[in-house]
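Worksheet for the structure shown next.
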Amino acid sequence: MEALKNVKILDFTHVQSGPTCTQLLAWFGADVIKVERPGVGDATRKQLVDVPGADSLYFTMLNHNKRSITLNTKDATGKEILERLVKECDVLVENFAPGALDRMCFGWERIQELNPRMIMASVKGFGPGKYEDCKVYENVAQCAGGSASTTGFLDGPPLVTGAQIGDSGTGLHLALGIVAALYQREQTGRGQKVLASMQDGVINLSRVKLRDQQRLAAGPLTEYSQFGEGIPFGDATPRAGNDSGGGQPGRILKCKGWETDPNAYTYFITQAPAWEKICDVIGEPEWKTKEGYAKPPQRLDKLNEIFDRIEQWTMTKTKFEVMDICNPLDIPVGPILSMKEIAEDEGLRATGTIVEVDHPERGPYLTVGCPVKLSDSPAVVTRSPLLGEHTAEVLRDVLGYQGEEFDRVVASGAVGELRVEAAE
Ligand code: CAO
């Protein structure tokens, strides 16, 4: 049985942050009913289009396992249908700009009146305070959440990261809040509001950098490369390049083929317990006992020399050979994998992390499957819905519109054009 079987989600999400949340809930077995504007739909359907006429990968990869209905929630009949949906569903998830639900006349008070068991979950850019009315996108959140100020090299500008920690990261936080609220509802019978702000989500993921901010008061951060290089610290956590955040010196080093392959690199950590093995592997056995090299604190001002020497060795091996040699010796290393390599990785296909999905408009494409594996509730990835694909089905089967009543709501125009196959 699926973990969230019988949980109905009224999905008012769009773009990335909200859809990642409801996609996870769908993978855990919830019935996710995505509400979209008739004729328009989620803006991402038509963003970054690679196959003309078909839903984009941006949309398809964020909306698996959902049903789509089209509904104009500003129309009177649309509001009547929405009311029924609120009464019927367990969770409403939305990431509209602040105030949009109130303007639709479906604010929290109204939702509670209609369905006291309803959990109303929102992604917003910022939590309550001076920025609460702002619209926010991924990189704004990465910057306002402190991440960008600590990413990049010391002598360069702040950098955003390719991992979508603002959007997908916040969606993940929201999903956890929803599941907790569903669990609490089991005891109280009541719903509640769940809020995940993108700024809060990024700050949570940047926790170790706030740790370092406070450690600065006690002196320089000795594990940062700049300490060994004699560069003074300022009053805020600096950018740390590719230093490892855990206190063990680490760098990204070139491997065989780096001249032509932009991803022929390895991450290499000179973890203290592995030091002697590292010395043997790179051909510097005397460093095991040599004054200035034997103990971790003595090495801090020599990290550039040490990593240069390790790199001379890694450049003689491919990133996978480095992994094969170092792993059995408990020397922590990791290949820099390109997205091409990830797409082609048979192991990731076998675990369902990379999945091939078929789509009627665009044919087969690759996606990332459910990253959390439940042994009793394995996720089976099914394609994203076409716009309004399930409008008729949801009106009839979930909301009970039949016969003349069904014809009336369709004739009102509130649900847009029914797909031909569904209208019959
Ligand atoms: N029927 C009728 N109207 C609908 C509708 C429907 N089914 N679905 C949406 N609308 C309306 C909304 O009610 C809103 O109308 P008003 O402005 O008149 O109230 C309008 O469409 C626009 O919705 P929106 O404000 O959410 O969209 P936007 O393009 O203006 O802003 C975004 C997009 C993402 C900046 C904003 O939604 C936001 O800040 N969300 C919260 C933070 C977030 O999730 N950001 C990450 C997005 S991923 O990078």
Side-chain angles (χ1 to χ4, degrees), residues 10-23 33-48 56 58-59 61-63 66-86 92-107 110-111 120-129 131-145 160-175 177 194-202 385 387-388 390-391 394-395 409 412-417:
L10 174 50
D11 182 7
F12 261 126
T13 68
H14 62 152
V15 200
Q16 184 184 161
S17 63
T20 56
C21 167
T22 51
Q23 179 168 258
I33 301 168
K34 183 170 173 111
V35 180
E36 299 180 79
R37 249 182 300 184
V40 183
D42 188 325
T44 59
R45 283 188 187 269
K46 296 295 165 245
Q47 275 173 13
L48 307 176
S56 70
Y58 197 3
F59 178 83
M61 291 179 71
L62 288 162
N63 290 286
K66 303 180 186 178
R67 299 202 264 185
S68 164
I69 70 166
T70 46
L71 183 65
N72 180 354
T73 58
K74 291 185 172 165
D75 169 282
T77 309
K79 284 185 196 299
E80 170 203 315
I81 296 168
L82 181 53
E83 231 180 77
R84 285 214 203 180
L85 275 166
V86 170
L92 184 161
V93 191
E94 61 95 16
N95 68 314
F96 288 127
L101 263 191
D102 292 312
R103 290 192 288 278
M104 265 182 210
C105 309
F106 281 86
R110 178 89 198 286
I111 300 273
M120 187 171 125
S122 304
V123 170
K124 293 289 167 267
F126 292 94
Y131 297 129
E132 66 187 21
D133 290 333
C134 297
K135 290 185 177 180
V136 168
Y137 291 95
E138 173 68 47
N139 288 349
V140 176
Q142 288 198 26
C143 294
V160 295
T161 143
Q164 304 287 285
I165 57 177
D167 279 335
S168 290
T170 307
L172 200 49
H173 283 95
L174 190 72
V194 179
L195 171 67
S197 99
M198 294 169 72
Q199 183 186 39
D200 292 359
V202 172
L387 179 62
H390 305 98
T391 305
V394 169
L395 286 175
V409 295
S412 77
V415 296
E417 292 281 312

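Order of appearance sets the numbers: ligands from 1, and atoms from 1 within every ligand.
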For this session: May I ask you to list the atoms of ligand 1 that are less than 4.0 angstrom from any heavy atom of Val123?
Result: 41 (C), 44 (O)

For this session: Check whether any side-chain heavy atom of Thr13 sits under 4.5 Å from a side-chain heavy atom of Val123, and report yes or no.
Result: no

Exercise. Can you tell which of Met198, Glu36, Arg37, His14 gets a heavy atom nearest to atom 5 (C) of ligand 1?
Worked result: Arg37

Exercise. Nearest heavy-atom pair of Leu387 and Arg45: which atoms, and what distance?
Worked result: N-NH1, 3.2 Å

For this session: Return yes or no for this condition: an N or O of Met104 is under 3.5 Å from an N or O of ligand 1.
Result: no

Exercise. Evaluating non-hydrogen atoms only, which member of Val140, Val15, Asp167 is closest to atom 46 (C) of ligand 1?
Worked result: Asp167

Seminar exercise, completed: In ligand 1, the atoms that come under 4.0 Å of a heavy atom of Val136 are 39 (O), 42 (C), 43 (C), 45 (N), 46 (C)

For this session: Check each of Pro38, Ala97, Gly171, Cys134 against atom 36 (C) of ligand 1 and report the one with the nearest heavy atom.
Result: Ala97

Exercise. Cut-off 3.5 Å, side chains only: do Thr22 and Lys34 have a donor facing an acceptor?
Worked result: no

Exercise. So between Gln164, Lys135, Lys74, whose heavy atom ends up nearest atom 30 (O) of ligand 1?
Worked result: Lys135

Exercise. Is it true that the side chains of Glu94 and Ser122 contain a donor and an acceptor less than 3.5 Å apart?
Worked result: yes

Exercise. Are Gly18 and ligand 1 in contact, using a heavy-atom cut-off of under 4.0 Å?
Worked result: no

For this session: Give yes or no for whether the N/O distance cutoff of 3.5 Å, strictly under, is met between Lys124 and ligand 1.
Result: no

Exercise. Around atom CD of Glu132, are there more than 12 heavy atoms of other residues, nucleotides or ligands at under 6.0 Å?
Worked result: yes

Exercise. Hey, is Arg103 touching ligand 1 through its side chain, its backbone, both or neither, going by heavy atoms under 4.0 Å?
Worked result: side chain

For this session: Record the part of Leu71 in heavy-atom contact with ligand 1 below 4.0 Å; permitted values are side chain, backbone, both and neither.
Result: backbone

For this session: Return yes when at least one protein heavy atom is under 4.0 Å from atom 48 (S) of ligand 1, and no when none is.
Result: yes

For this session: Closest by any non-hydrogen atom to atom 2 (C) of ligand 1: pick that one out of Asp133, Leu82, Leu101, Thr73.
Result: Thr73

Problem set entry | Contacting atoms of ligand 1, where contact means under 4.0 angstrom from a heavy atom of Ser17 | 43 (C), 44 (O), 46 (C), 48 (S)

Exercise. Of the non-hydrogen atoms in Asn63 and Pro385, which two are nearest, and what is the gap between them?
Worked result: O-CD, 3.3 Å

Seminar exercise, completed: Per-atom filter on ligand 1: closer than 4.0 angstrom to a heavy atom of Asn72 are 1 (N), 2 (C)

Problem set entry | Proximity winner for atom 8 (N) of ligand 1, if only heavy atoms of Phe12, Phe126, Phe96 are counted | Phe96

